[in-house]
Protein chains: 2
Amino acid sequence: MPKTIAVPDSALASALRLSVVRLNRRLRAQRADNSVTLTQLAALSTLKTHGPLTPGELAAHEKVQPPSMTRVLAALEERGLIVRRPHPTDGRQALVELTPVGRDLLAREVRMREAWLSRRLTELTAEEREVLRAASAVIDKLVSS
Amino acid sequence: MPKTIAVPDSALASALRLSVVRLNRRLRAQRADNSVTLTQLAALSTLKTHGPLTPGELAAHEKVQPPSMTRVLAALEERGLIVRRPHPTDGRQALVELTPVGRDLLAREVRMREAWLSRRLTELTAEEREVLRAASAVIDKLVSS
DNA sequence: TATTGTTATACTCTATAACTATA
DNA sequence: TATAGTTATAGAGTATAACAATA
C-alpha cells in the first residue's frame, strides 16, 4: 500500500480540481501580446505531434466540440500558421497541417511559455518534478477515458 | 534517482501544460444546469477551508485579479450563498462568509462534481491515484510561488 | 438519411483601465 | 496620497442549435 500523504482518498477529486483550475489560470495568463492563445497553442502542439488531422479529429483529441475547433482553426489559418488541404477521399473533410511558419512559431512559443513554468519547475526538487512527470501521464489517461 | 518515464525533462513543462488544459476543459464541462460554475465553486471551497476572507484575500488565494473576484462574489451573493459583513476596523473592506445555504450547496456540488472525476479515479490503480494526490500538492506549491 | 463541418448566438472567465470610498 | 473594491469594457474559451455540403 502506498504511503498516505495529506489528502485523504475521499478528497482527492476536490483537491485535484482546485489545483488544476488554479494552474490553468496561471498558464493562460502567461501569454505575451501578439502570441497565440493557450488554446491555439494546444492545437498547434497536437498537429505537430500527430501530423495532419481533420478538424473533427483535432476536436476529439483536444476534447472540445467541433464548433470550438472551427474558431481556433480560423484564427490559426488567418495568421498563416496552418493550411487546410482537401481530403483525398471525402469532400466533406479537410486535412489540417502546420505550415513552416506555424512550426517556427510553435517552437518559439514553447520556449517563451516555458519561461514561467520551467523557472518554477527548477525550484522544485527532483522528486517533485518526477511526481509531475508521472501525473501528466496519469491525467492524460484520465482525460482520455 | 527516481525512475524515468516517457517524458524527458526538457518537455515536462509542455506535457504538463497540455494535460492541465485538457483536464480543465473536462472539469468545466462537468456542470449541471443551475449549478454554480467551476470558478464559483472554487471560491466557495476556499471560503469553507479558510473561513471569512476579504474580497482581496480571496482574489489572492485564487490567483485572480480583484475585478474578477468581484463578479464571482456578486453571483454568489445574488444566490444567497455568501454574505458580506462589515470589516471590524476598515470601512473599505468587507468580510465574505458562507451562508448555511452556501455550505449546503457546496457539499451537494462537490458530491455531484465528483461523479465524473471520482468514477475515473476509481478506474486508476492505487499507484496512479497516489501520483495524482502527490501532484496536487506539488501543483499547489508551484502555483503559489 | 447520416456525417462533417460551419455559422449564429450566448454564456463563462478573466484582464486592464478608470472610478469611488475610505484610510 | 495610498489602498480596497467596484464598474466599464473587451477578448478568450467554449457550448448548443441550426444550417450546408457531401456521402
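Keep in mind the model is a prediction, meaning the values are calculated, not measured. Note on naming: letters A, B, ... go to the chains in the order of the sequence lines (proteins, then strands), and numbering restarts at 1 for each one.
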Considering heavy-atom distances to DNA chain D, does A/Arg28 or A/Asp90 have its closest nucleotide positioned more toward the 5' end? A/Arg28

Separation of C/dT3 C1' from A/Glu57 CD (nearest whole Å): 14 Å

Students often get this wrong, so: under 4.0 angstrom with heavy atoms, is B/Ala29 touching a base, only sugar-phosphate, or nothing? nothing

Could you say whether A/Val21 or A/Ala94 is positioned toward the 5' end of DNA chain C, judged by the nucleotide with the nearest heavy atom to each? A/Ala94

With heavy-atom distances below 4.5 Å as the criterion, would you say the side chains of A/Leu95 and A/Pro88 are in contact? yes

Does a side-chain N-to-carboxylate-O contact under 4.0 Å join A/Arg133 and A/Glu130? yes

What distance separates B/Thr54 OG1 from B/Met69 CE, expressed to the nearest 0.5 Å? 10.0 Å

Phosphate oxygens OP1/OP2 of C/dC13: is one of them under 4.0 Å from a side-chain N or O of B/Thr39? yes

Boundaries of the chain A footprint along DNA chain D (any atom under 4.0 Å from a heavy atom): D/dA12 to D/dA23

Would one find more than 12 heavy atoms of other residues, nucleotides or ligands at under 6.0 Å from atom NZ of A/Lys48? no

For residues 40-55 of chain A, which residues have at least one heavy atom under 4.0 Å from DNA chain D? none

Near DNA chain D, which residues from residues 63-82 of chain A have a heavy atom under 4.0 Å away? A/Val64, A/Gln65, A/Pro67, A/Ser68, A/Arg71

May I ask you to test the B/Ser19-A/Val143 pair for a side-chain heavy-atom distance under 4.5 Å? no

Can you find a pair of side-chain heavy atoms, one from B/Leu124 and one from B/Leu132, that are under 4.5 Å apart? yes

Does any part of the side chain of A/Leu73, heavy atoms only, come nearer than 4.5 Å to the side chain of A/Leu58, both counted from C-beta? yes

Drop me the distance from B/Ser35's OG to B/Leu105's CG, to the nearest 0.5 angstrom. 8.0 Å

Carboxylate-amine/guanidinium contact B/Arg25 A/Glu62, below 4.0 Å: yes

Of B/Arg92 and A/Arg84, whose closest DNA chain C nucleotide lies nearer the 5' terminus? A/Arg84

Contact check, side chains of A/Leu18 and B/Ser45, non-hydrogen atoms, under 4.5 Å: yes

Rounded to the Å, how far apart are A/His87 NE2 and C/dT4 P? 10 Å

Electrostatic pair B/Arg84-B/Glu97, nearest N-O below 4.0 angstrom: no

Send over the distance from A/Leu58 CG to C/dT6 P, rounded to a whole Å. 11 Å

Provide, to the nearest angstrom, the distance between the CZ atom belonging to A/Arg26 and the P atom belonging to C/dT14. 13 Å

Atom CG of B/Leu27 to atom C1' of C/dT12: distance rounded to whole Å? 15 Å

